[in-house]
Every structure is written in structure tokens, then in C-alpha cells.
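Heads up, the thing below is written out as C-alpha cells.
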There are 2 protein chains.
Amino acid sequence: MTRYLVTGAAGFVGRNLVDALLERLTPGDELTLLDREVGARHPRVRAVEGDLSEEAVLEAVLAERPGVVFHLASVPGALAEREYALGRRVNVDATLDLFGGLADRTRPPTVVYASSVAVYGTLGAAPVDARTPLQPQLSYGTHKRMMELALEDFSRRGELRGVALRLPGIVARPGLASGFGSAFMSDVIRSLAAGEPYICPVSPGATAWWMSASRAAGNLLHAASLATPGTLTLPALHLSVGQVVAALGGLFGADRPALVTYRPDEGTEAVFGRSPPLHTPEAEALGFRHDGTAAGLVQAALRAH
Amino acid sequence: MTRYLVTGAAGFVGRNLVDALLERLTPGDELTLLDREVGARHPRVRAVEGDLSEEAVLEAVLAERPGVVFHLASVPGALAEREYALGRRVNVDATLDLFGGLADRTRPPTVVYASSVAVYGTLGAAPVDARTPLQPQLSYGTHKRMMELALEDFSRRGELRGVALRLPGIVARPGLASGFGSAFMSDVIRSLAAGEPYICPVSPGATAWWMSASRAAGNLLHAASLATPGTLTLPALHLSVGQVVAALGGLFGADRPALVTYRPDEGTEAVFGRSPPLHTPEAEALGFRHDGTAAGLVQAALRAH
């Protein structure tokens, strides 16, 4: 019997993770979902609504002594950059409070933490691997790196079994204009699949690291079963927007690529459209996977909700 | 006219920094010293007594809008490892509160932060340089690395001009049994200079990175004048205990080395006695310096108070 806790359960990755978790629950397992509003209810699920930075909310989830925690709650990058105090409160203070509250040397809980490739900062053309320096260029990425370090420290102290996974761009978020700088990654998939025109803020040659929400959920679940704590960059497909658009054409019709109008914005392209190749043999050896092909990515991405 | 603030002003590095600062004050400069107890008073100095993690204390030092801050206050390594909550409160929370309170995009203050070589964690035999991975093995070192990242982020945001300096072992702390695992570095110097016997918890071949408190003060002051923010490992003398003992013999008499009885403790030696060579061309190019020679180190170390 395992008590699970998912923070940020109503977010994009959270919703898809909860679906995957519900499919795997065995009798006696319990699942607590935390978010400001937890939407759909389920008989096996307890909902806690509020912000992890409220003391009563933190106490409510800690009181259940969860054995496996997926900590996804986070203020996203653009907002955390603009509202520093809010970003610090959730992405640093509340996260440290959660880790510290869970810490237990007798029965260390497993904590799977959703970190981000934002820890790398601006990358050159050279492929990224385990030796690539981490030089975050946003407060969001800085705070993610700080929390990776904190989680590694709790694991070293024997108080948590922490696995930090650096997530790439996760697709396809439903609805448009989600406020993420990387929103184009989801929007181009949703628009073309629906046969709607799309104005793309990066060029067709813009490259990014892509993963479907269901694959991200699979990787997060896999992380909870790892024997060894640590911090890992997940494998991801390294694809250009043009490659993804071509895959959409292959799946939905040769007329679809013409629905895209490219109006590259230099700032967006510089931050989100120049990802170099990514080498993650460590994570692959441990069983983490990407979506396989551009077509596989698109199909899985469209099942996300 | 500059308003200076020194946190941890009554600590070992703090006291010696304040001495150096007082020698350099020009008319109109103001100096505020913060510590739980600030000892010696001086007409040019304002003392604030308390803990930076108390809101009123933080407000008192921020109200003066210091232009140059030396942030030395910290819970030391062994204590922070044992009392995690205390370490987090001072070494993380209060430090972030200080940085955030000082942040000012219009007139970014200079913040010189005393980081530590503890950010490296366990090192192998290979020389340490700018590419050496940072894998702290204590909560203290983890929190120092987290604060380096946070300070770099405030500099990137244009809200502080932050310089984090990684200090090596600073000598020679007055009195014995200071509670630091690296206490032997000071104790061997103090004991032999005084002609007293010393039981050394590491072998004569144990190597460490050494710097006198006055040299540390000189480097901290130099950091405040740097044009470019950043994080730097300071140059330090890479010496064995045997080399330092030999220098003490040269300065105080050939009978002094025989005062040492070596009773190596494997744990202490593993953590504090196996430092590999250290290459810091970046810091040296910027004008940071070590003590030059073992004899120079010992002489400067003995002037520390």
C-alpha cells in the first residue's frame, strides 16, 4: 500500500501524470492531489485545495505521511521572472518546506521533483551532455537548480530518496496563448491537427527538445521506482519546428504545413529555438525514454489534456 | 561616500575584515557591523546586534541602504549539518532575504558573499580548476552553492552587483577547539608558535588550502572593487601540514616540529586533509592573491585575532 502525493496536480503535466497513476493504483493505494483547484474527482483520490506556501496546506499533505511524492507545483518561467517574490515563495521556500517536512531518516519517502532544462541557460551549438555547464539565465532555472541541489542534499543525508528530472518542452498543452515562451511548441501541433492556421513566432529551422505529456508522465512514474537517487536530464526528441510540421502533414494531410505562417521573433527564437543535440545516455541506461519519432510525439501529444 | 555593511562582523573573518576596512575608510564613509554581539566599538561604526533572520534586524540594516555589503554571517559546517533547520534559516532563508531586500535595479548595491570551497565536496587527486564539478557533501556546502546561484541571478537581473568568493581554510583562529573540522589548520599554527604541544588529527602528509585572515580580508575588499560580478574560487596555498610545521620550525626554532604528535583520524583526514592542487588563473588575473609562501602564511596568520 502506497500513499501518493502529487503537487501541481491540476497543471498540464500533473493532469496527465494523475491519469497514468490512476491506471496503476493497486488496492489499498491512496492518492492525494494538491493544487489551488483540483478539478475532476475520483473515488480513490483525496483533493487538497490551496497553495503549498500556506502553512495549513503544507501540514494537511504532510499529515498523511506520503511515501511517494511527485512535486510538480511551480510558478512558470515568465511569471517567476516578472514576479520575483512569488517565484521565490513557491519555487524555493515552499519547495524547501515540503522537502524538509517530508524528511524522515527512518523511512525516507521518495520524492520525484520536476526540474527543467532551464537549468542550462543559454546553450551554444555543441551537443549537451552530462558535462555541459549549468548557467541558468532565468530566476526560474536558477531556482530549479537550487532545488536540485537541495534534494541531492536530503538524499545524501538519508532523509529522502530524491530524483530530480529535468523536463524538456512538454506538449501539447490544450488551448492557445498559455503564457509560456515555449507555447509555440504546443500551439503548432494543436492548430495544424485541427486544420487551423497558425502564426509561428520562430522559424521552421528553430530546434527544441520535445516530449509528449504522456511520455513525461511515464518517465515521472519510472523515476519513483529507481533504486538510486540523483538528478537526470531526460531524453527528449531534438526536432526542428519544420520536422514537427512535416510530421503533422504526414498524419493529417499534405495541406496542413501551408497553414503555418512563420514570423520569427528574435527573442523567442534565441531562448526557445536554438536547442543543440541532447545526449542522455545515463537516463536512457536507467530506462527513461523519449517519444521515439516525430509522428509518435505528435500522436501522443494530441492525447494530452 | 560609501555606506558599508558587514554581516558576521564579530566572526573570525569578520573581525579581520573590519580592521582592514577601518584603515581604508575615507571621510564620510559609514560602516555598520551586524552580529549577535558586536564587540569593540569605534567612533566611525554603527553596531546592530541580532540575528539576520529576525525581521527587525534585517529591516534595521536595510534601512540604511548600504552601497557595499560583505555578507559573512553563516552557521558553520558541522553545526549546519547537525542542526539542519538552523542552517537553512541563516545560510539560505536569511541570506535570500538580505539579497532580496538589497536588490535595487536603479542603484544596484555591491554584495561580496563569503562562499566556501565546501561547494566542491569530495575531491579526487586531480587538480581543481574552473571545470571541476561542484558536488557538495555537506548541507553547508550545498547551501553555499545555492546562494552563489541566487547571487548570480540577482546580478543577471541587474538588481545587485554580486561577487561570491570561495574561501579556503582561513587561519589562524584564536583559541583552540573552535568546533570546525578544519580547526587543526589554525590550532597547529597557534600551538607551535606558542611553544605548546599539539595532537594533530591528520597526518603530516595531509594537504589543505590555506589562507591567512588578513589575506582573506584583502581579497574580500578587492572583490568590492571588481567591475564584473561573478563567482570565483580564491587562490590559496596548497600545503601539507608537514610543510606548515616546517615553516613554523624555521620561524620559531628547530625544536618546534617535535611538539606535534600525529594521531590521524580517518574521517577528518578524508574531509579536510586530501585537497588536491588548486588552479585559479581567473581569480589571479583579477588581482586576487594567496599568502605567497608557507612562512608568509604563518606570519600573517599569527597577526589574526
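Residue numbers begin at 1 in each chain, while the letters A, B, ... track the order of the sequences. Please read all numbers here as calculations on a predicted model, not as lab measurements.
In this structure, the portion of B:Arg157 lying under 4.5 Å from any heavy atom of chain A is its side chain and not its backbone. Neither the backbone nor the side chain of A:Glu152 has a heavy atom closer than 4.5 Å to any heavy atom of chain B. Looking at A:Ala150, the atoms closer than 4.5 Å to chain B (heavy atoms on both sides) sit in the backbone and in the side chain alike. There is no contact between B:Gln135 and chain A, counting heavy-atom distances below 4.5 Å. Proximity to chain A (any heavy atom under 4.5 Å) is shown, for B:Gln137, by both the backbone and the side chain.
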Working note: A:Thr231 + A:Tyr113, criterion side-chain hydrogen bond (donor to acceptor under 3.5 Å, both in side chains); need CA distance, chi angles, decisive distance, verdict. CA-CA 9 Å; A:Thr231 299; A:Tyr113 172 61; over 6 Å; no
Decide side-chain contact (heavy atoms from CB on, under 4.5 Å) for B:Thr32 and B:Leu34; before the verdict, give the C-alpha distance in whole Å, the side-chain angles of both, and the deciding distance to 0.1 Å. CA-CA 7 Å; B:Thr32 298; B:Leu34 171 66; 5.6 Å; no
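Residue with the most contacts toward chain B among A:Glu159, A:Met147, A:Arg156: A:Arg156 (heavy-atom pairs, distance under 4.5 Å). Looking only at heavy-atom pairs under 4.5 Å with chain A, the residue among B:Arg88, B:His143, B:Arg145 that has the most is B:Arg88. If you tally non-hydrogen atom pairs under 4.5 Å between each of A:Leu96, A:Leu134, A:Val92, A:Asp93 and chain B, the highest count goes to A:Leu96.
When each of B:Asp51, B:Thr95, B:Leu79 is checked for a side chain to side chain contact (heavy atoms under 4.5 Å, CB included) with B:Val90, only B:Asp51 meets the rule.
Under a cut-off of 6.0 angstrom, the local environment of CZ in B:Arg107 is sparse, with at most 12 non-hydrogen atoms contributed by other residues, nucleotides or ligands.
Separation of the B:Tyr84 and B:Tyr140 ring centroids does not fall under the 6.0 Å cut-off.
The closest side-chain donor-acceptor pair between A:Arg166 and A:Ser116, if any, does not fall under 3.5 angstrom.
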